[in-house]
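These notes are about the structure you will find just below.
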Amino acid sequence: MYSNAYIWAKVIAYLDERLTPGIVSTFFDQSYILDKKEDKLTVYAPTEFCKDFIERRCLGYIKDAVRELTDQDYEIAVICEDELAEFQKSKERAGRSRFNPQFTFESFVVGKSNRFAYNAALAVTDKPAAAYNPLFIHGPSGLGKTHLLYAIANRIQDKYPDFNIVYISSEQFTNELIVALREHRNVEFRKKYRNADLLLMDDIQFIGGKTSTEEEFFHTFNELFESRKQIVVTSDRPPNEISLLAERLRTRFEGGLICDVTLPDYETRMAIIQKKAANLGIELPNEICDHIAQNITNNIRSLEGAVNIIKAYHELNGMPLDLPNVSRAIKDMYMDAGHNLPTPALIIGEVSRFYSVEEHLLRGRLKSNNIVMPRQIAMYLIRDLTHQSYKNIGREFGRDHTTVISSLQKVEALVAKGDKETLDNLRDITANINSKL
C-alpha cells in the first residue's frame, strides 16, 4: 500500500507534465494529502483561493494520476486552512471508540435498590456539571456502579460528540502517575485529565493513603470543578468511611451528591435474570427464574453468571431447561442471604485461631502488642469482607466507631506500603474464612 506522501509525489510529477511550472508552484507547493480512506482522498490547500482553483481546474488531473498509480478510482475532496480544525474534529469523532456498548441506561435494570443512583446518573447526562457535580456512587462490588459509569459515558458521547470523556480506575490513575513521574511526563499526564469535559473514576477508595495520587487527583478535581466540568466517581463505601482519605478530598465529595446501590430485592433479581436471558436468546421458565432469584442473592454479576452457565449447558451439552437440571448446573453458585458473607463471629474465630489468641481477649480491652494487632486485623477483615458499618464493628468489640476507624487506618497503612507479613497474614486468614463458607 502506497503512503500518502508517495501518492502525492506521483500526483505532482503527473501535474508537472501537464501544467506550467508557475501553476504547480503556486497552487500545489503547500498542498498535500491529508487523509486517505477506501475510496476517498482528502487534499489540503493552504487558502480558499488555492482550494477553488484546484477544484475548478485540477480534480480531473489528480484523479487520473491516482488511478494510474493505484488502478483505483478515488473521490477527491479539498479543504483549506479555515476548514482544517473542523475536519480534524470530525475525524476524531468518527474514530473514537464507543464505551462498552452493552452498558447503557436502557440495559440497566432499575429497582428500589438502585433507583436513586440511576436517576442521578441520568440527570448528569441531561445537564453535565450543572446537576450533581461531583456525583459519588457507592456500594458493594457487582451491583452496577461501573455499568452506570459506562451508561453516562455512552449517553453523553451521543449527546455531546465533542466532549472529551476520560474513564479510568483509581488503580490505573496511580499506575499512570508513577510512569509519568518516572519518565518526566507530568505535563502530558496532567493534560490528559485536566482537559476532560467528563471525568469518570472507578473505585476511588483505593487512592486513600497514596499521598502523590491523592495530591494529583485533588488538583485535577479542583481544576475540572472550577472549569464546570462533570466529575463522577464510584466507591465501595461512602466518603466518610474511606480510611486514609485526605479530609480536603472527603469534603469535596460530600459537597456533591452521594447515592448508594444496595443488594437487589427479589423483584429486581427476577427482572435482571429475565432480561439477561432475553439478551442471550434463551427462554427460561418462570420457575427457573424464581429458583435463581431465591438462591443467588449476593450480587448482579452472580445472577448474570448463572444465566450464562445455564445457556452454555443447554447449548453445548443439550441440557433440558428444567428445574432439576438447572439446579445441578448452578449449585456451586448458591449463596443464600444468610451465607453469602462470613459473619463477624466467624472472622473473629479464624483470627483468634490464626494468632493463637483467645476470642474473649480479642473482644476485650487488653492492649498488649500480641493482642492489639490481631484485634485490628479482625476489625479490618470484618470491614473488608462484610462491609459492616464502623458502628456495628465497634459493637463486636465493645468500642465506639472512632476506635474502629483508627484500627482500620493502621492496617490499611501497612497494606498500602506493601508490608509483606501483614499481606501474607490477611491472605491466609481470608483463605481460612472462605473455606468455612
Side-chain angles (χ1 to χ4, degrees), residues 138-143 203 205-206 208-210 235-245 260 262-263 295-299 301-302 331-437:
H138 70 90
S141 177
L143 298 185
D203 291 323
Q205 72 273 8
F206 291 124
K210 298 174 181 174
S235 171
D236 67 354
R237 65 200 77 173
N240 65 345
E241 294 188 11
I242 301 177
S243 297
L244 304 180
L245 183 67
D260 68 343
T262 59
L263 291 174
N295 286 280
I296 299 178
T297 62
N298 55 332
N299 63 55
R301 289 195 192 112
S302 296
K331 65 181 184 301
D332 291 338
M333 302 186 70
Y334 287 168
M335 286 189 169
D336 291 339
H339 299 90
N340 59 345
L341 296 173
T343 64
L346 172 60
I347 294 170
I348 292 171
E350 288 304 315
V351 171
S352 170
R353 190 171 67 84
F354 184 85
Y355 285 103
S356 299
V357 176
E358 294 293 333
E359 285 189 37
H360 74 276
L361 295 177
L362 285 184
R363 296 177 184 271
R365 295 192 169 274
L366 287 179
K367 295 184 178 181
S368 56
N369 290 336
N370 66 320
I371 295 174
V372 170
M373 176 53 72
R375 183 183 295 139
Q376 292 171 346
I377 290 289
M379 290 181 178
Y380 175 87
L381 286 173
I382 292 173
R383 175 65 184 175
D384 188 53
L385 298 178
T386 72
H387 304 290
Q388 295 262 356
S389 68
Y390 295 146
K391 187 176 180 180
N392 287 343
I393 296 172
R395 287 198 190 105
E396 294 290 336
F397 298 88
R399 286 163 170 76
D400 61 25
H401 72 284
T402 58
T403 302
V404 175
I405 292 173
S406 175
S407 297
L408 292 179
Q409 287 176 340
K410 289 172 183 175
V411 179
E412 288 180 347
L414 292 171
V415 171
K417 73 176 185 179
D419 183 78
K420 186 177 187 306
E421 182 180 359
T422 302
L423 292 173
D424 288 346
N425 290 348
L426 288 171
R427 181 198 62 216
D428 293 342
I429 297 170
T430 301
N432 294 339
I433 292 168
N434 289 335
S435 69
K436 301 292 175 61
L437 296 178

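Residue indices begin at 1 and follow the sequence shown.
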Atom [atom1] in [X], atom [atom2] in [Y]: separation rounded to 0.5 Å?
X	Y	atom1	atom2	answer
Leu426	Glu421	CG	CD	10.5 Å
Ile433	Leu346	CD1	CG	6.0 Å
Leu361	Ile371	CG	CD1	4.5 Å
His360	Leu366	NE2	CG	8.0 Å
Tyr380	Leu414	OH	CG	10.0 Å
Asp203	Ser141	CG	OG	7.5 Å

message: Measuring only between side-chain heavy atoms, which start at C-beta, is Ile377 closer than 4.5 Å to Phe354?
response: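 No, every pair of side-chain atoms sits at 4.5 Å or beyond.
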
query: How about Phe397 and Ile382: do any of their side-chain heavy atoms sit closer than 4.5 Å?
result: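 When only atoms from C-beta onward are counted, Ile382 and Phe397 do touch, with a gap below 4.5 Å.
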
Please check this pair: side chain of [X] against backbone of [Y], looking for a donor-acceptor N/O pair closer than 3.5 Å.
X	Y	value
Arg375	Leu362	yes
Arg365	Gly398	yes
Gln376	Val411	no
Arg237	His138	no

Atom of [X], atom of [Y] and distance for their closest heavy-atom approach:
X	Y	value
Leu385	Pro342	CB-CG, 3.9 Å
Thr262	Asp260	CG2-OD2, 3.5 Å
Met379	Val404	SD-CA, 4.1 Å
Tyr390	Ile242	OH-N, 4.1 Å
Lys391	His401	N-CB, 4.2 Å
Asp236	Gln205	N-OE1, 3.3 Å

- request: Apply side chain to side chain contact (heavy atoms under 4.5 Å, CB included) to the pair Glu241 and Ser235, showing each step before the final yes or no.
  value: CA-CA 10 Å; Glu241 294 188 11; Ser235 171; over 6 Å; no

message: Once side-chain hydrogen bond (donor to acceptor under 3.5 Å, both in side chains) is applied, what residue pairs with a partner in residues 405-417 remain, sequence neighbours excluded?
response: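 Checked against side-chain hydrogen bond (donor to acceptor under 3.5 Å, both in side chains) - neighbours excluded - the pairs reaching residues 405-417 are Ser243-Glu412.
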
task: Please indicate whether Asp424 has more than 12 foreign heavy atoms, meaning atoms of other residues, nucleotides or ligands, lying under 6.0 Å from its CG.
output: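 Check passes, neighbour count above 12.
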
- request: List the steps, then state whether side chain to side chain contact (heavy atoms under 4.5 Å, CB included) holds for Arg353 with Asn432.
  value: CA-CA 10 Å; Arg353 190 171 67 84; Asn432 294 339; 3.7 Å; yes

task: Report the C-alpha separation of Asn425 and Met373 in whole Å, then their side-chain angles, then the decisive distance to 0.1 Å, and conclude whether the side chain to side chain contact (heavy atoms under 4.5 Å, CB included) test is met.
output: CA-CA 11 Å; Asn425 290 348; Met373 176 53 72; over 6 Å; no

query: Under 3.5 Å, is there a donor-acceptor pair between the Thr403 and Asp400 side chains?
result: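 Present: a donor and an acceptor within the cut-off.
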
